[in-house]
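In what follows, residues are counted from 1 in the order of the sequence shown.
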Amino acid sequence: MPGLRSRGFALIGAAFASVLLSGCETERDPRAGGFIDGVTNLSTGGYRGYVKERQDDLRKSQDEANTLEARARSITAERKELERELQQASDELAGLQKRLAELRETLAAKRQMSAAQRRNLDEADRRATVARTRVGALRAGAPQSVEAQRKSIADLKSLIGSVGAMVRDLSR
């Protein structure tokens with residue numbers, strides 16, 4: 001019965017080798033592993049774990065992509081709102097500049113412009129010119145972050161507000 005005995009040793013040896021190999025570090029990527037890695041991963045469930053990890057990575061990537069897309073939509077909406085605000089400020093400024101020109105003509109025609117009124121009118125014109133330059137710079141300038149645009153537009157509105165106050169004072 002030497003044949004049976006050697007077959008028994010061969011089976012025991014194969015089982016022992018399988019146990020030893022299952023304890024070794026194996027390559028779980030089926031594209032990179034060899035035969036031993038394949039046998040080990042099939043017997044230990046390593047491939048199922050590998051597939052689950054890849055599926056989890058895919059879900060995370062999809063979640064991140066969805067988050068980024070939502071943020072991009074939000075930024076686009078904010079930029080459109082800022083452009084609308086910039087247009088409103090520009091329109092208001094154009095009206096103030098027109099009113100300043102009318103005031104200058106009216107006061108000059110009446111020849112009643114005092115030195116103080118002339119200084120105030122000149123200062124209002126200067127501020128309006130600065131504001132017009134800022135509007136142009138915002139429209140043609142390098143892209144800014146939404147926060148920087150928001151601050152620039154708020155500063156512009158403040159400047160335009162000061163021109164408006166000067167126009168009201170001169171109109172009295």
>> Once rounded to the nearest 0.5 Å, what's the spacing between atom CD of Gln97 and atom CD of Glu92?
In response: 11.5 Å
>> Assess whether a salt bridge exists between Lys60 and Asp63, defined as any Lys/Arg side-chain N lying under 4.0 Å from an Asp/Glu carboxylate O.
In response: no
>> Would you compute the distance between atom CZ of Arg134 and atom CG of Asp155 and round it to the nearest 0.5 angstrom?
In response: 6.5 Å
>> Is there a side-chain contact between Arg127 and Glu123 in this structure, where contact means two heavy atoms from C-beta onward sitting under 4.5 Å apart?
In response: yes
> So, do Glu85 and Lys157 sit near enough that their side-chain heavy atoms are less than 4.5 Å apart?
Replying inline: yes
> Does some side-chain heavy atom of Arg150 sit less than 4.5 Å from a side-chain heavy atom of Glu78?
Replying inline: yes
>> Would you compute the distance between atom CD of Gln117 and atom CG of Asn120 and round it to the nearest 0.5 angstrom?
In response: 8.0 Å
>> Is it the case that the side chains of Gln62 and Asn66 hold a donor-acceptor pair, with the cut-off being a distance below 3.5 Å and no angle test?
In response: no
>> Looking at every non-hydrogen atom in both residues, tell me the closest pair between Ser152 and Leu138 and how far apart they are.
In response: CB-CD2, 3.6 Å
Show which side-chain atoms of residues 163-172 pair as donor or acceptor with protein atoms under 3.5 Å away, not counting sequence neighbours.
from, atom 1, to, atom 2, distance (Å)
Arg168, NH1, Gly164, O, 3.3
Ser171, OG, Arg99, NH2, 3.2
Ser171, OG, Val167, O, 2.8

> Could Asp56 and Arg59 be called an ion pair, given the rule that one side-chain N must be under 4.0 Å from one carboxylate O?
Replying inline: yes
> Do the side chains of Leu93 and Leu82 join up, straight or via other hydrophobic residues, at under 4.5 Å, putting them in one cluster?
Replying inline: yes
> CG/Leu86 to CD/Glu81 distance, rounded to the nearest 0.5 angstrom?
Replying inline: 11.5 Å
> Nearest heavy-atom pair of Ala89 and Ile160: which atoms, and what distance?
Replying inline: O-CD1, 3.3 Å
>> Just verifying a value: how many Å separate Arg132 CZ and Leu96 CG, rounded to the nearest 0.5 Å?
In response: 10.0 Å
>> Just verifying a value: how many Å separate Ser61 OG and Leu68 CG, rounded to the nearest 0.5 Å?
In response: 10.5 Å
